[in-house]
Amino acid sequence: QVQFVESGGGLVQNGGSLRLSCSASGGTISNYAMGWFRQAPGKEREFVSAIRYDGAATFYEDFVKCRFTISRDNAKNTVYLQMNRLKPEDTAVYYCAASRNWGTPTMWFEYDYWGQGTQVTVSS
């Protein structure tokens, strides 16, 4: 069974940048659409961004458009989320997920596999 591990989270100041990585083992990500979700304390998990299995299409939630960029390297079995101009409201645990849907799914129930998450904290 394919497993995912996120990395790259941490503490950053308002306006700073972080690059999250999601590495897969036990399988290849090239068969999956990949997505990023986040969950802040006391809030529901929310969609952030998704990328098609071949990288040819991406989708972003409005609150991260023009600040975050999702990408993938199927040869390295890794998906990335470049986060720029971070805001305190971006503070959350960020999760990567894999979906057998070959589009850019946005709903959590469309995803089949999840990582354990990485904490991102943006100080004001």
Side-chain angles (χ1 to χ4, degrees):
Q1 178 173 322
V2 61
Q3 295 183 320
F4 297 93
V5 177
E6 300 94 337
S7 61
L11 174 65
V12 65
Q13 291 187 336
N14 188 14
S17 298
L18 284 173
R19 187 196 196 200
L20 305 183
S21 298
C22 172
S23 298
S25 60
T28 175
I29 67 168
S30 59
N31 297 326
Y32 300 96
M34 297 296 297
W36 287 95
F37 288 74
R38 69 185 188 186
Q39 187 167 18
K43 295 188 177 181
E44 294 186 351
R45 191 170 299 191
E46 62 182 358
F47 170 78
V48 174
S49 181
I51 186 166
R52 207 173 81 166
Y53 73 98
D54 58 359
T58 59
F59 190 81
Y60 299 91
E61 191 55 76
D62 284 346
F63 53 72
V64 301
K65 279 183 180 177
C66 300
R67 297 191 299 126
F68 292 9
T69 302
I70 190 171
S71 61
R72 65 191 297 157
D73 186 337
N74 287 348
K76 294 184 178 180
N77 238 10
T78 303
V79 179
Y80 305 97
L81 186 67
Q82 177 67 43
M83 305 187 296
N84 298 327
R85 291 186 282 142
L86 283 161
K87 305 174 182 180
E89 50 263 45
D90 294 319
T91 295
V93 177
Y94 283 72
Y95 300 89
C96 72
S99 170
R100 294 187 180 93
N101 183 322
W102 282 20
T104 53
T106 63
M107 305 302 292
W108 65 266
F109 53 78
E110 296 181 279
Y111 286 82
D112 304 286
Y113 302 104
W114 292 82
Q116 293 187 329
T118 185
Q119 176 70 47
V120 171
T121 303
V122 185
S123 64
S124 57

Got a donor-acceptor contact below 3.5 angstrom from the [X] side chain to the [Y] backbone?
| X | Y | result |
| --- | --- | --- |
| Glu6 | Gln116 | yes |
| Trp36 | Ala97 | no |
| Asn77 | Ile29 | yes |
| Ser30 | Thr28 | no |
| Arg72 | Gly55 | no |
| Thr104 | Ile51 | no |
| Gln3 | Gly26 | no |
| Ser124 | Pro88 | no |
| Tyr111 | Pro105 | yes |

query = For Trp108, which residues count as a ring-ring contact (aromatic ring centres under 6.0 Å, His included) partner, sequence neighbours excluded?
reply =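 Partners of Trp108 under the ring-ring contact (aromatic ring centres under 6.0 Å, His included) test: none.
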
request  = Flag the pair Phe37 / Trp114 as yes when their ring centroid distance falls below 6.0 Å, and as no otherwise.
outcome  =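 Yes: the rings meet the under 6.0 Å criterion.
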
task = Check whether the side chains of Tyr113 and Arg100 place a donor and an acceptor atom closer than 3.5 Å, and report yes or no.
result =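 Yes, side-chain donor-acceptor contact under 3.5 Å.
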
key: For Arg38, all residues meeting side-chain hydrogen bond (donor to acceptor under 3.5 Å, both in side chains), sequence neighbours excluded   =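 Only Glu46, Asp90, Tyr94 meet the side-chain hydrogen bond (donor to acceptor under 3.5 Å, both in side chains) criterion with Arg38.
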
